[in-house]
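The structure appears below as structure tokens.
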Number of protein chains: 2
Amino acid sequence: MSTHAQHAPHPTGLAQKLADSGLRSTPQRELVYDVLLTKRDHPTADEVFARVKPELPGISLATVYNCLETLVQCDLVRAVNFERGPTRYCPNLCPHAHFHDEATGQTHDIDLPPVLFAKLRAELPAGFDANAVEITFRGKAKTSSN
Amino acid sequence: MSTHAQHAPHPTGLAQKLADSGLRSTPQRELVYDVLLTKRDHPTADEVFARVKPELPGISLATVYNCLETLVQCDLVRAVNFERGPTRYCPNLCPHAHFHDEATGQTHDIDLPPVLFAKLRAELPAGFDANAVEITFRGKAKTSSN
DNA sequence: GTTGCGCCTTAGAATCATTCCAATTCGTTG
DNA sequence: CAACGAATTGGAATGATTCTAAGGCGCAAC
Ligand SMILES: [Mn+2]
Ligand SMILES: [Mn+2]
Ligand SMILES: [Zn+2]
Ligand SMILES: [Zn+2]
């Protein structure tokens with residue numbers, strides 16, 4: 001199988017979401033987004049750069065950083081941080097937690113029932129108004145997947 | 001009122017916990033720990049350095065980093081990270097979440113019922129064994145407290 | 001009470017992800 | 001086509017943290 005569909009339109013309206021923010025759709029932005037959707041293993045900017053370069057040899061690391069920031073700004077991907085390590089990027093938009101495997105360094109998505117997020121928010125004392133909650137597990141995963 | 005009790009023994013067995021790990025109690029380690037206990041506002045290493053220097057002018061930033069790491073290793077303080085910002089340090093040992101105020105940059109402790117932590121852990125799929133959960137809220141705090 | 005030895009501290013260099021900058025290129029509009 | 005701002009690029013700069021090498025200090029054995 002090939003690595004990427006050559007001319008497939010993007011699953012969602014990438015161009016649309018960009019336009020909504022007054023931004024242009026560029027080959028670099030499309031490819032960076034495509035790479036994130038294709039292999040959802042929470043790659044770092046460097047890893048995205050490595051995956052993107054073969055298809056667009058002229059792209060620069062600075063541009064990868066720019067594209068990633070743009071995608072985050074447009075709410076197309078989430079930036080995920082774990083203990084000062086390099087930022088990772090996640091195209092999974094529905095609320096979820098992350099499990100960081102200490103043994104392999106891999107980051108896994110953990111789906112949580114929305115009610116749990118609600119219960120967490122409900123615990124905030126008066127005066128605290130959260131517009132985001134982040135949940136991270138750390139430990140060992142015995143899964144034989146990936 | 002004075003900033004620090006001059007010769008007060010530390011609230012908990014700092015020397016003891018250090019000894020348990022085969023480490024010595026030093027003036028630097030005691031002072032760094034004291035500073036964390038005295039003002040529990042989740043200071044960064046730089047901020048700890050600034051608070052410690054007046055009382056121990058010869059101390060170096062490297063030593064502050066060393067002491068903080070030692071205290072974390074001995075489970076006397078927690079390291080708290082938020083979005084690639086500098087690591088902050090928290091002497092509150094009971095499980096709790098953090099609220100990061102976007103407006104002021106302040107970090108607040110949020111106590112959560114242990115049952116909530118348990119419910120979160122219970123959501124982990126089979127094969128995932130977490131030995132730590134981290135919960136961070138981000139938003140605005142309207143509290144008039146510090 | 002000296003010596004030996006390992007733990008600690010220290011200053012400064014090195015690291016590394018990320019950001020900044022200035023210059024060029026590209027797209028779109030007039 | 002000409003003009004203009006948006007986007008990309010390579011390289012320099014940043015900033016928190018870590019590393020390194022060199023001294024100092026505390027404690028135990030002699
Ligand atoms: Mn990165
Ligand atoms: Mn710091
Ligand atoms: Zn994710
Ligand atoms: Zn705390």
Taking only side-chain nitrogens and oxygens of [X], does any of them come within less than 4.0 Å of OP1 or OP2 of [N]?
X        : N       : answer
Ser60(B) : dT10(C) : yes
Thr63(B) : dT10(C) : yes
Arg84(A) : dA17(C) : no

Grab the [atom1]-[atom2] distance between [X] and [N] for me, whole Å please.
X        : N       : atom1 : atom2 : result
Asn81(A) : dT17(D) : CG    : P     : 13 Å
Tyr65(B) : dC8(C)  : OH    : C1'   : 19 Å
Asn66(A) : dG10(D) : CG    : C1'   : 12 Å
Leu31(B) : dC8(C)  : CG    : P     : 17 Å
Glu47(A) : dA17(C) : CD    : P     : 10 Å
Leu18(A) : dA6(D)  : CG    : P     : 15 Å
Leu71(A) : dA7(D)  : CG    : P     : 12 Å
Leu68(B) : dT9(C)  : CG    : P     : 12 Å

For Glu123(B), enumerate each residue passing the side-chain contact (heavy atoms from CB on, under 4.5 Å) test, keeping only those at least two apart in sequence or located in another chain.
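Checked Glu123(B) against side-chain contact (heavy atoms from CB on, under 4.5 Å); matches are Leu112(A), Pro113(A), Leu116(A).
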side-chain contact (heavy atoms from CB on, under 4.5 Å) partners of Ala50(A), counting only residues at least two apart:
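So Ala50(A) forms no side-chain contact (heavy atoms from CB on, under 4.5 Å) with any residue.
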Give me the distances for all protein-to-nucleotides 24-30 of chain C N/O pairs that come in under 3.5 Å?
from	atom 1	to	atom 2	distance (Å)
dG27(C)	O4'	Arg24(A)	NH1	3.4

Pick the closest DNA chain C nucleotide for Ala62(A) and for Thr26(B) by heavy atoms, then say which residue is nearer the 5' end.
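Result of the comparison: Thr26(B).
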Taking only residues at least two apart or on different chains, which pairs with a member in residues 62-87 of chain A satisfy salt bridge (Lys or Arg N to Asp or Glu O under 4.0 Å)?
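Output for this query lists Glu83(A)-Arg138(A).
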State, with a plain yes or no, whether a side-chain heavy atom of Arg29(A) is found less than 4.5 Å away from one of Leu23(A).
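Arg29(A) reaches Leu23(A) side chain to side chain.
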If you only use heavy atoms from C-beta on, which nucleotide in dT10(C), dT18(C), dC8(C) is closest to the side chain of Leu61(A)?
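Comparing dT10(C), dT18(C), dC8(C) against the side chain of Leu61(A), the answer is dT18(C).
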For the residue pair Phe137(A) and Phe99(A), categorise the inter-ring angle as parallel (less than 30°), tilted (30 to 60°) or perpendicular (more than 60°).
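The rings of Phe137(A) and Phe99(A) lie parallel, inter-plane angle below 30°.
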Can you list everything that forms a ring pair (Phe, Tyr, Trp, His ring centres under 6.0 Å) with Phe82(A)? Sequence neighbours excluded, please.
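Phe82(A) satisfies ring pair (Phe, Tyr, Trp, His ring centres under 6.0 Å) with His100(A) once adjacent residues are dropped.
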Residues forming a ring pair (Phe, Tyr, Trp, His ring centres under 6.0 Å) with His98(B), sequence neighbours excluded:
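Counting only residues at least two positions away or on another chain, His98(B) forms a ring pair (Phe, Tyr, Trp, His ring centres under 6.0 Å) with His42(B), His96(B).
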Taking any heavy-atom pair under 4.0 Å as a contact, classify Gly58(A): base, sugar-phosphate, or nothing.
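Sugar-phosphate: the residue Gly58(A), judged by heavy atoms under 4.0 Å, touches backbone atoms but no base.
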